[in-house]
There are 2 protein chains.
Amino acid sequence: MSISKQALQRMPYYLQFLKNQKALGCTTISAPKIAAKFNFKEIQVRKDLASASTVNGKPKIGFQIETLIKDMENVLGYNDKKEAILVGVGSLGQALLGYKGFGYYGITIIGIFDNDPEKVGEVIRGKTVKSCDQISDFCRQHNVHLGVITVPEKQAQVVCDQLVAGNIGAIWNFAPIYLSVPENILVQNENMAASLALLSKHLKEKNM
Amino acid sequence: MSISKQALQRMPYYLQFLKNQKALGCTTISAPKIAAKFNFKEIQVRKDLASASTVNGKPKIGFQIETLIKDMENVLGYNDKKEAILVGVGSLGQALLGYKGFGYYGITIIGIFDNDPEKVGEVIRGKTVKSCDQISDFCRQHNVHLGVITVPEKQAQVVCDQLVAGNIGAIWNFAPIYLSVPENILVQNENMAASLALLSKHLKEKNM
DNA sequence: TAGATTGTTAATCGATTAACAATC
DNA sequence: TAGATTGTTAATCGATTAACAATC
């Protein structure tokens with residue numbers, strides 16, 4: 001069954017809860033229980049679970065937590081090993097490098113790059129910073145398909161082009177700018193301005 | 001006119017482009033031009049502009065860039081001064097503190113907090129780190145309505161509760177966890193797991 | 001059996017897109 | 001005038017929600 005974009009984005013929350021429940025010793029879980037936890041509608045969770053689970057739920061019982069966890073991890077791609085590179089080892093880039101989450105999501109950062117000549121050669125968390133010139137060669141050689149961009153706004157498009165030249169498949173963009181890419185490449189923007197827009201609007205509506 | 005959530009999230013991109021165009025000396029802009037830049041549908045941009053602009057566009061010409069910029073900044077709330085606190089001065093928190101964007105978005109960080117006794121008292125970018133015990137008092141005293149959470153997963157809910165106790169209006173959450181809050185408080189999740197889920201799916205579909 | 005929870009089918013809702021007349 | 005771009009009205013699309021029979 002195909003899973004909607006929105007449903008997919010709710011999965012990590014479900015997964016986290018399932019793991020908690022499993023740790024507490026539970027073996028089964030029902031849609032209404034999950035819905036209560038997150039203040040979602042029961043029917044929404046029911047649909048989401050149905051779309052992720054490989055087996056049918058059992059009326060009155062729900063789903064086996066263990067199987068459901070595996071199914072969700074699969075849907076989310078955590079079991080596919082993905083190699084990535086990170087470009088821009090400023091404060092945000094370094095914060096991300098320290099983020100243990102990557103491994104859990106199946107992502108390994110196998111190369112780090114920066115434009116700043118002073119940073120090239122530096123060793124950060126066991127990895128040597130390479131010059132951005134080498135991005136596309138590196139990507140092709142190591143068959144990297146995911147690129148993380150944490151450079152400043154002005155450099156982002158250039159870096160993006162280098163990744164594209166390296167035959168990258170998807171880009172996770174933290175630079176506050178719109179990136180132009182060929183059609184078949186996905187750019188996922190970690191768009192702080194957009195998030196702030198929603199927060200702002202909320203505060204304004206509450207007259208805060 | 002009311003603006004949809006999705007449209008609101010596209011505004012920062014438009015705004016950025018408008019400023020660029022203005023810097024290049026342009027005085028007017030049309031929906032088709034913006035659409036071309038971002039590879040959006042013309043009609044979508046047209047609707048978005050109509051929903052943000054205080055004046056009607058002129059057929060064959062479009063909109064005055066200057067007025068449109070002001071209208072969008074208003075819609076996005078960049079002109080409302082908002083004071084915020086940031087909790088968790090680990091690597092991510094510090095990266096955010098160095099983010100010059102805040103000012104532009106109308107946000108001033110007026111207090112920083114951390115649970116780690118070793119960090120309390122430390123001065124980071126001119127601000128002294130306070131203990132988390134003081135969060136709710138501080139928020140009430142200074143009438144803070146926006147809280148940024150950059151603590152590890154395990155501490156996030158406790159911090160969140162302290163913010164709620166301090167009468168916060170909205171929370172920008174970078175911790176990879178779902179936060180339970182009263183109904184009238186907005187939690188905007190900077191949800192890396194969700195973003196990664198979309199990236200993963202894309203790579204999987206391309207067999208990468 | 002009775003009741004909780006499931007899956008399915010249909011209705012609603014919001015956002016996007018299409019079609020087109022109005023106008024500078 | 002001719003053509004580009006606008007605003008408006010209607011159609012489509014995808015996601016959410018409602019209703020309900022099936023079942024453990």
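Order of the sequence lines fixes the chain letters, A, B, ..., with proteins taken first and strands second; residue numbering starts at 1 for each chain.
- Nucleotide D:dC24 has C:dG3 as its partner under the Watson-Crick or G-U criteria, with both atom distances under 3.5 Å.
- Look at CD1 on B:Ile43: it is 13 Å from P on C:dC20, rounded to the nearest Å.
- If you check distances only, the side chain of B:Lys47 does reach the base of D:dT9 with a donor-acceptor pair under 3.5 Å.
- Between the CG atom of B:Asn56 and the C1' atom of D:dT8 there is a distance of 11 Å, rounded to whole Å.
- At least one side-chain heavy atom of A:Lys82 sits under 4.5 Å from a side-chain heavy atom of B:Ser200.
- At C:dA18, none of the side-chain N or O atoms of B:Arg46 fall inside 4.0 Å of OP1 or OP2 (strictly under the cut-off).
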Given B:Glu190 and A:Ser195, is the side-chain hydrogen bond (donor to acceptor under 3.5 Å, both in side chains) satisfied, shown in steps? CA-CA 8 Å; B:Glu190 212 59 34; A:Ser195 297; 2.8 Å; yes
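- Counting to the nearest Å, the P atom of D:dT5 and the CD1 atom of B:Ile34 are 12 Å from each other.
- Nucleotide D:dA18 forms a Watson-Crick or G-U wobble pair with C:dT9, both donor-acceptor distances falling under 3.5 Å.
- Checked against C:dT6, C:dT8, C:dT16, the side chain of B:Gln6 finds its nearest nucleotide in C:dT16.
- Remark: P of D:dT6 and CD of B:Gln64 are 13 Å apart, rounded to the nearest angstrom.
- Atom pair B:Lys5:NZ and C:dA15:C1' shows a separation of 13 Å (rounding to whole Å applied).
- A sub-4.0 Å separation between OP1 or OP2 of C:dT17 and a side-chain N or O of B:Lys41 is present.
- For the pair B:Gln44 CD and C:dG14 P, the computed distance is 18 Å after rounding to whole Å.
- The side-chain contact (heavy atoms from CB on, under 4.5 Å) test with A:Ile85 singles out one residue from A:Leu146, A:Leu163, A:Ile112, and that residue is A:Leu163.
- Comparing B:Lys60 and B:Phe63, the nucleotide of DNA chain D nearest to each residue sits closer to the 5' end for B:Lys60.
- The interatomic distance linking B:Asp48 (CG) with D:dG7 (P) rounds to 12 Å, in whole Å.
- Atom-to-atom, CD1 of B:Ile61 to P of D:dG7 comes out at 12 Å; the value is rounded to the nearest Å.
- Taking every side-chain heavy atom of B:Arg10 into account, C:dT16 is the closest of D:dC24, D:dT16, C:dT16.
- Residues A:Lys206 and B:Asn184 share a closest heavy-atom pair of NZ-O, 3.0 Å.
- Side-chain atoms of A:Asn189 and B:Tyr13 include a donor-acceptor pair closer than 3.5 Å.
- In this structure, A:Ala31 reaches the sugar-phosphate backbone alone: every heavy-atom distance under 4.0 Å involves primed, P, OP1 or OP2 atoms, never a base.
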